[in-house]
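Accompanying notes for the structure given below.
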Amino acid sequence: MDDGDRRADVVVVGAGPAGSSTAWHLARAGLDVVVLEKARLPREKVCGDGLTPRAVKALDDMGVDTTGWVRHRGLRVTGGGQVVEVDWPTLQHWPSHGLIRSRRDLDAGLAAHAVAAGARLVQEVTVTGPLLDDAGRVAGVLAEEGPDRTPATWRAPLVVSAEGLSGRLAKALGLLRREDRPLGVAVRRYVASPRTHDDYLDISFDLSPGGPSADSMPGYGWAFGMGDGTSNVGFGLLDTRRGTGAEPRAVLRGWLTTLPPEWQLGEEHAVTPLRGAGLPMALHRGPAYTRGLLLAGDTAGTVNPFNGEGISYALETGRMAAEAAVEGLAAPEGLAREAVLRRYPDRLREEYGRHHRLGTGFLALLARPDLVRFATAHGLKRPPLVARALRLMGNLSDGRDGDRFDRAVAVLTRLAPAV
C-alpha cells in the first residue's frame, strides 16, 4: 500500500456500529471513505446484545438484512418480588419488536455492509494519534499496521473518531471526559442455558437477595437468550462512588442466587470468561467537532442514561456525523466549512441533550435504594404504568403526533435543559 492508497475524503477510526454507520452513509453519498479497525473482524465486544426498536429502525434505514436474527417482543421486568411482561409499544415511527445479535456478528456484518456500499475497510491498524497540519488542524491519523506494527500515515481533510470510550484522538486534542457526567460499567458472559429461546428479555432490578439496599449500587441485571443454546448474562451499574464499588464477579454471583437454579445461568455453565466495559453517557466528551475531528457513538458519550443503550445512538450519530461531513466537504475550505461542521455538536445536543438530562435525573433517583424498592414493589403491579415508563426510558415516542402520554413526554422533554 503506497501513500496514494492511504488518502481518502474521510478517515473513520473504529469499525463498531458508529464507525460502520458513518462509513455506509458516506459511501452512499459518493465520498471516498476508509475505516481503520485495530482488530480483525469478527471480534468480541462487551455488550448485552439486545437491540431495541430504536436500533431496529436504524438498521432498517440502512437497508441491513436482519432475516434470521432472533426477535423479541418485549421485556420481562423483575423487582421487589414482582414480575411483569411488557411488549414493545406499537407506535407510528418505530418498529414494535427488538432483535438479538451478538456484537461479534453485528459488527462484522455492519462493516461488510459498509464495504458493499463502497467503503474501504483496513483491519489490524492501530491508530496512535492525529496527524496535524501547520495550523494545528487534523489532516489524517498516524498509525501502526499489521502484526509487525509498521508505521503509516493516513491523510484526509476530515477524520471521524468512533473509537469508543478510549477516545484516543479526542484526548490528543484536549477533549477529555467530563467527570460530572455519569459513567456506567457493563459486565457480561455467555452461558449454556435452556433459556436460550425466549420472546422476552429478562431485566432485574434486584441484584442482591434482599433487593436494593444501602450497600447496593444503582443498576440492573439481564439475561438475554441468544437462540443458539446460550444466554448473555450480565449487569450494568452506575458507580456513584467512583472506584469504591463492589467487585463485579461478587455482584454477579449475588444476583444469580436470586434466580431459579433450573435456568442454569451460573458460573458453572459459563462458556466465555467474564468481561467488562465502560458505558459513557450524557454527551460526556465535547465538543463533538473540533479542528477536523468529529466524534460519534461512545466516543461522544451518547449512551442513554436511562437504560445503558448505546447501539442505536451509535448508528444514529454515525449517520449524523456522515451528514455533517458531506455538507462540510461541499463547502469552501476555511471559515465556510468550519461553520458547517461546528453545527454538528449542536445537533447532538438538540437530538439527545434534553432526554439525557431527564436520564441523569432518573439515575439520581435510582441511587436511592428505598425509592427503588418502593417503585418496583408497587409500580410493577401496574403493567400499563411499566409500559409507559419503558417507553420513556427507551426514548420511544411519536412525539406530538402520538397519544396523550407521548405529548406529555414531548412537553417534559422540551422543558428540560439540555446537557
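A salt bridge does not link Arg349 with Glu351: every distance from a Lys NZ or Arg NE/NH1/NH2 to an Asp or Glu carboxylate oxygen is 4.0 Å or more. Salt bridge status for Glu350 with Arg343: absent, with no side-chain N to carboxylate O gap under 4.0 Å. Salt bridge annotation for Glu316-Arg54: present, with a cationic side-chain nitrogen under 4.0 angstrom from a carboxylate oxygen. Ion pairing of Asp198 with Arg76 is present here, as a side-chain N (NZ or NE/NH1/NH2) and a carboxylate O approach within less than 4.0 Å. Under 4.0 Å is where a charged nitrogen must lie from a carboxylate oxygen, and between Arg137 and Asp133 no such pair does.
Not one N or O on the side chain of Arg195 forms a donor-acceptor pair closer than 3.5 Å with the backbone of Gly225. Side-chain atoms of Asp398 come within 3.5 Å of backbone atoms of Gln92 as a donor-acceptor pair (strictly under, hydrogens ignored). Under the 3.5 Å distance criterion, the side-chain polar atoms of Arg291 are matched with a main-chain donor or acceptor of Gly136. Checked by atom type and distance alone, the side chain of Thr257 pairs as donor or acceptor with a backbone atom of Gly254 at under 3.5 Å. Of the possible donor and acceptor atoms, none in the side chain of Arg6 sits under 3.5 Å from a partner among the backbone N and O of Thr153. Not one N or O on the side chain of Ser96 forms a donor-acceptor pair closer than 3.5 Å with the backbone of Thr90. The backbone N or O of Ala314 sits less than 3.5 Å from a side-chain atom of Thr317, completing a donor-acceptor pair. For Arg189 (side chain) and Thr272 (main-chain N/O), no donor-acceptor pair under 3.5 Å exists by modelled atom type. Without hydrogens or angle criteria, Ser193 side chain to Trp263 main chain gives a donor-acceptor distance under 3.5 Å. Judged by distance alone, with hydrogens and angles left aside, the side-chain atoms of Thr258 form a donor-acceptor pair with the main-chain N or O of Trp255 at under 3.5 Å.
For Arg347, the CZ atom counts as densely surrounded, since its 6.0 Å shell holds more than 12 non-hydrogen atoms of other residues, nucleotides or ligands. Around the CZ atom of Arg28, the shell of radius 6.0 Å holds no more than 12 heavy atoms that belong to other residues, nucleotides or ligands. Around the CD atom of Glu333, the shell of radius 6.0 Å holds no more than 12 heavy atoms that belong to other residues, nucleotides or ligands.
A heavy-atom distance below 4.5 Å is found between the side chains of Asp406 and Arg391. By the 4.5 Å heavy-atom criterion applied to side chains, Trp88 and Leu75 are counted as neighbours. Side-chain contact between Ser231 and Leu265 is present, with heavy atoms from C-beta onward closer than 4.5 Å. Leu256 is listed as a side-chain neighbour of Leu259, based on a closest heavy-atom distance under 4.5 Å. Residues His284 and Val419 are not in side-chain contact: their nearest non-hydrogen atoms beyond the backbone lie 4.5 Å or more apart. Contact annotation: the side chain of Ile311 approaches that of Cys47 to within less than 4.5 Å [non-hydrogen atoms, C-beta and beyond]. Counting only heavy atoms from C-beta outward, the side chains of Asp60 and Pro95 approach each other to under 4.5 Å. A 4.5 Å side-chain heavy-atom check between Arg168 and Thr126 finds at least one atom pair inside the cut-off.
Considering every non-hydrogen atom in both Trp154 and Val11, the closest pair reads CB-CG2, 4.3 Å.
Aromatic ring orientation, His113 versus Trp24: parallel (interplanar angle below 30°, classes split at 30° and 60°). Using cut-offs of 30° and 60° on the angle between ring planes, the pair Tyr352 and Tyr313 is perpendicular.
No side-chain donor from either of Glu163 and Ser166 sits under 3.5 Å from a side-chain acceptor of the other. With no hydrogens or angles considered, no side-chain donor-acceptor pair links Glu323 and Tyr344 at under 3.5 Å. Checking Asp228 against Tyr190 by side-chain atom types alone, no donor-acceptor pair falls below 3.5 Å.
The line from CG of Leu363 to NE2 of His356 is 10.5 Å long, rounded to the nearest 0.5 Å. Here Asp107 contributes atom CG and Glu37 contributes atom CD; the two are 8.0 Å apart, rounded to the nearest 0.5 Å. Between atom CG of residue Leu294 and atom CG of residue Leu169 there is a gap of 11.5 Å, rounded to the nearest 0.5 Å. Annotation: the span from Leu348 atom CG to Met320 atom CE amounts to 5.5 Å, rounded to 0.5 Å. In this structure, the separation between CG on Leu274 and CZ on Arg253 is 9.0 Å, given to the nearest 0.5 Å. Remark: Tyr220 OH to Phe235 CZ distance equals 12.0 Å, nearest 0.5 Å.
When Ile100, Thr66, Leu106, Val70 are each tested for a side-chain contact (heavy atoms from CB on, under 4.5 Å) with Leu51, only one passes: Leu106.
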